[in-house]
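Working notes, beginning with the structure itself.
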Amino acid sequence: MSEGPASLPTAISLPGRRRLRFAPSPTGALHIGNVRTALFNYCLAGPEGRFLLRIEDTDRERYRPESVLEYQAELRWLGLLWDEGPEVGGPCAPYVESERLPLYRKAADRLLDGGAAYPCFCSRERLEELRAAQRASGLPTRYDRRCLHLSSDEVSRLRAEGRPEVVRLRMPEGESAWNDLVLGPQRFDNAEIDDQVLLKSDGYPTYHLAHVVDDHLMGVTHVVRAVEWLPSTPKHLVLYRALGWSPPELAHVPLVLGPDRQKLAKRHGAAAVSEYREMGYLPEAVVNFLAFLGWSPGTEEEVFALSDLRSRMAFERLQSSPAVFDGQRLDYLNGVWIRRLSPGELGRRLRPFLPQASAEQLEPIAEMVRERIRRLDEVPGLVAFAWADPDPSASLLQGSLSRSAAHDFLQGAVPVFQGGSAQLMETLRALASSAAASSTDGAKAEVRRLMRVVRIALTGQEISPPLDACARLLGPQEVDRRLRSALGKLQGPG
RNA sequence: GCCCGCAUCGUCUAGCGGUUAGGACAUCACCCUUUCAAGGUGGUAACCGGGGUUCGACUCCCCGUGCGGGUACCA
């Protein structure tokens with residue numbers, strides 16, 4: 001490449017009608033709020049569009065290399081597969097900003113040459129003092145442009161001294177306006193905007209420079225990001241213009257709040273996607289739930305798969321007010337999606353939660369729990385009896401029944417279970433009904449009490465999956481052993 | 001401090017000048033039921049306040065209030 005110092009590649013005919021991107025900064029765990037932004041970008045690209053993943057690793061202080069792979073794994077888990085980006089490549093590679101440094105340098109040089117930016121040698125200490133003073137006198141905190149009018153001699157002298165140097169954007173006079181796809185017409189007075197640092201003294205660009213260069217070079221057509229970026233948008237617009245590029249469409253989506261209406265964070269409980277995965281939320285439910293935090297179809301439908309969302313989501317229906325993250329609604333949707341899974345599929349998803357279960361046990365377990373759980377991590381507790389000896393006490397077994405009634409019913413139940421499970425419940429209920437016939441209070445209540453004895457004998461718990469399913473999971477021998485053991489405890493007076 | 005954004009049931013939301021303000025979660029009651037669920041039926045519950053504009057405002061405009069965001073050589 002024999003490009004001049006101020007030359008940059010040109011973005012031409014890239015695939016996809018719309019090109020949207022998710023550009024996280026790998027500094028920690030992937031936050032659920034960021035996932036929503038990723039989801040919106042993914043969906044808004046539409047079936048005809050392209051979804052790109054770009055790694056914004058320009059903050060060397062906070063950079064965490066492991067995060068890159070973690071983010072990718074979580075996005076894949078959610079089904080947010082990128083058409084271009086790390087690992088999959090694409091026409092705009094590389095998609096990692098730390099590998100694109102020369103591009104930002106060239107852009108900075110071009111801005112410097114055109115007078116849209118200037119070198120600044122002010123120390124961090126001076127900047128801090130400046131801000132403190134401005135704040136103290138009630139002024140907006142902004143750089144005072146001390147380095148704006150440095151002569152070339154002064155610049156060379158400072159460089160010769162080895163003073164750390166940054167490149168600052170020279171914010172021009174006038175106004176910055178755009179039509180935000182979510183918030184509508186926006187207008188800022190440039191005089192309110194600071195001369196932002198574009199290139200840091202370590203040679204890395206700031207977000208402002210890097211994302212403008214990359215979004216342009218990568219042919220990004222729509223930038224969808226959280227409102228926290230709204231106030232710095234004028235800087236970006238100025239950069240596009242100074243570089244001779246036309247800006248993409250902009251859409252600022254509202255924040256996701258915690259129950260206290262503060263920006264969702266760690267202290268609200270789970271903030272990382274990985275935690276949701278570990279708690280047994282299905283990616284389908286997380287996606288469905290997050291989509292409705294700021295979007296709705298305008299109909300009364302509420303269950304959406306990712307592919308439906310990608311074909312249905314549109315800017316016009318994006319919400320402009322912030323949404324509170326409501327865990328109860330997520331739980332509900334998770335239950336809905338769990339019940340939509342076939343027992344076989346649910347069994348496969350259950351694997352990480354049931355290390356002690358055999359391969360053959362997973363599907364039957366899935367079948368017995370699918371209508372009673374909202375999260376996969378509830379399952380180990382529901383079926384714990386299968387791998388533990390319940391060993392219930394006699395008083396727990398008999399409950400409000402007389403000891404002899406409990407004993408007699410259990411004794412009658414033993415042969416029922418031995419007879420195989422085909423009509424198990426029918427037979428058991430018939431047995432209970434006849435035993436309850438002489439009951440003074442309600443026969444129905446008596447049947448319940450009787451069935452309860454069997455439940456506790458088998459599982460040690462008052463609450464369990466249906467008895468026939470429990471019996472099948474345990475197997476005939478174990479059922480027989482547990483019934484006889486309980487029988488033994490109910491022997492004699494009590 | 002300065003700049004900016006937002007505002008319908010507790011929560012997510014529908015509404016885009018005229019509606020008994022709709023749905024879902026949660027909640028309450030009942031039904032179903034071998035427990036727990038799931039499912040069914042029904043109920044409680046909202047337009048932040050004040051001015052305008054208009055024959056008519058939840059809807060449009062202004063002010064206030066509240067909440068939030070930004071104000072970095074972090075993104």
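Lettering of chains follows the sequences in order, A, B, ..., and the numbering in each one begins at 1. What you see below is based on every heavy atom in this structure, not just the backbone, and it leaves out hydrogens, waters and symmetry mates.
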May I ask you to check whether [X] and [Y] show a side-chain donor-acceptor distance below 3.5 Å?
{"X": "A/Glu56", "Y": "A/Thr58", "value": "no"}
{"X": "A/Tyr71", "Y": "A/Asn34", "value": "no"}
{"X": "A/Arg135", "Y": "A/Thr141", "value": "no"}
{"X": "A/Arg225", "Y": "A/Thr233", "value": "yes"}
{"X": "A/Tyr95", "Y": "A/Asp214", "value": "no"}

Under 4.0 Å, counting only non-hydrogen atoms across every strand here, what does [X] touch: a base, just sugar-phosphate, or nothing?
{"X": "A/Gly335", "value": "nothing"}
{"X": "A/Leu467", "value": "base"}
{"X": "A/Leu257", "value": "nothing"}
{"X": "A/Pro466", "value": "base"}
{"X": "A/Phe188", "value": "sugar-phosphate"}
{"X": "A/Arg187", "value": "nothing"}

Given the [atom1] atoms of [N] and [M], what is the spacing between them in whole Å?
{"N": "B/G10", "M": "B/G5", "atom1": "P", "result": "27 Å"}
{"N": "B/C61", "M": "B/A24", "atom1": "C1'", "result": "33 Å"}
{"N": "B/C25", "M": "B/U20", "atom1": "C1'", "result": "24 Å"}
{"N": "B/A45", "M": "B/C28", "atom1": "C1'", "result": "11 Å"}
{"N": "B/U35", "M": "B/G49", "atom1": "P", "result": "48 Å"}
{"N": "B/U27", "M": "B/U11", "atom1": "P", "result": "16 Å"}
{"N": "B/U65", "M": "B/C12", "atom1": "P", "result": "24 Å"}
{"N": "B/A26", "M": "B/G43", "atom1": "C1'", "result": "14 Å"}

Take the protein atom [atom1] of [X] and the nucleotide atom [atom2] of [N], then report the distance between them rounded to whole Å.
{"X": "A/Leu333", "N": "B/A24", "atom1": "CG", "atom2": "P", "result": "13 Å"}
{"X": "A/Ile373", "N": "B/C36", "atom1": "CD1", "atom2": "P", "result": "18 Å"}
{"X": "A/Lys444", "N": "B/U35", "atom1": "NZ", "atom2": "P", "result": "10 Å"}
{"X": "A/Arg36", "N": "B/C12", "atom1": "CZ", "atom2": "C1'", "result": "12 Å"}
{"X": "A/Leu410", "N": "B/U34", "atom1": "CG", "atom2": "C1'", "result": "14 Å"}
{"X": "A/Met451", "N": "B/C36", "atom1": "CE", "atom2": "P", "result": "13 Å"}
{"X": "A/Leu255", "N": "B/C4", "atom1": "CG", "atom2": "P", "result": "19 Å"}
{"X": "A/Glu302", "N": "B/G22", "atom1": "CD", "atom2": "P", "result": "17 Å"}

Check: Out of B/U11, B/U33, B/G23, which nucleotide sits closest to the side chain of A/Glu300?
Finding: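 Nucleotide nearest to A/Glu300's side chain: B/G23.
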Check nucleotides 44-49 of chain B against the protein and report each pair of N or O atoms closer than 3.5 Å, with its distance, or say if there are none.
none

Next item on the list: Hey, which sits more toward the 5' end of RNA chain B by its nearest nucleotide, A/Arg339 or A/Val447?
Entry: A/Val447
Notebook entry, point to check: A/Pro465 or A/Gly294: which one's nearest nucleotide on RNA chain B is closer to the 5' end?
Noted result: A/Gly294
Notebook entry, point to check: Within the structure, does a side-chain N or O atom of A/Arg455 lie under 4.0 Å from either OP1 or OP2 of B/U34?
Noted result: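 No, outside the criterion.
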Next item on the list: State whether A/Ser296 places a side-chain N or O below 4.0 Å from either non-bridging phosphate oxygen (OP1 or OP2) of B/A14.
Entry: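 Affirmative; the distance criterion is met.
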Notebook entry, point to check: Taking the six-membered ring of A/Tyr63, is the NZ or CZ of A/Arg60 close enough (under 6.0 Å from the centre) and on axis enough (within 45°)?
Noted result: yes
Complementary nucleotide for [N] - Watson-Crick or wobble, under 3.5 Å:
{"N": "B/U65", "answer": "B/A7"}
{"N": "B/C58", "answer": "none"}
{"N": "B/A29", "answer": "B/U41"}
{"N": "B/C2", "answer": "B/G70"}
{"N": "B/A46", "answer": "none"}

Output all residues satisfying salt bridge (Lys or Arg N to Asp or Glu O under 4.0 Å) with [X], sequence neighbours left out; order by chain, then residue number.
{"X": "A/Asp260", "answer": "A/Arg267"}
{"X": "A/Arg62", "answer": "A/Asp59"}
{"X": "A/Arg159", "answer": "A/Glu165"}
{"X": "A/Glu228", "answer": "A/Lys263"}

Checklist line | A/Arg146, CZ: over 12 other non-hydrogen atoms inside 6.0 angstrom | finding: no
Check: Tell me, which pairs form a side chain to side chain donor-acceptor pair (under 3.5 Å) where one or both residues lie in residues 365-376 of chain A, sequence neighbours left out?
Finding: A/Arg375-A/Asp377
Can you sort out the partners of [X] under ring-ring contact (aromatic ring centres under 6.0 Å, His included), two or more places apart, ordered by chain and number?
{"X": "A/Trp337", "answer": "none"}
{"X": "A/His407", "answer": "none"}
{"X": "A/Tyr207", "answer": "A/His211, A/Trp229, A/His236"}

Item checked: Residues A/Glu462, A/Arg452; criterion salt bridge (charged side-chain N to carboxylate O under 4.0 Å, His left out); working and verdict -> CA-CA 7 Å; A/Glu462 292 192 282; A/Arg452 178 183 170 280; 2.8 Å; yes
Quick test: give all pairs of protein nitrogen or oxygen and nucleotides 6-8 of chain B nitrogen or oxygen below 3.5 Å, distance rounded to 0.1 Å.
none

Identify all pairs in which a protein N or O lies below 3.5 Å from an N or O of nucleotides 26-30 of chain B, and state each distance.
residue : atom : partner  : partner atom : Å
B/A26   : OP1  : A/Arg374 : NH2          : 2.6
B/A26   : O2'  : A/Gln328 : OE1          : 3.4

Notebook entry, point to check: Under 4.0 Å between a Lys/Arg side-chain N and an Asp/Glu carboxylate O for A/Arg131 and A/Asp144?
Noted result: no
Next item on the list: Can you check each nucleotide of nucleotides 70-75 of chain B against protein heavy atoms at under 4.0 Å and return B for base, S for sugar-phosphate only, - for none, in 5' to 3' order?
Entry: SSSBBB
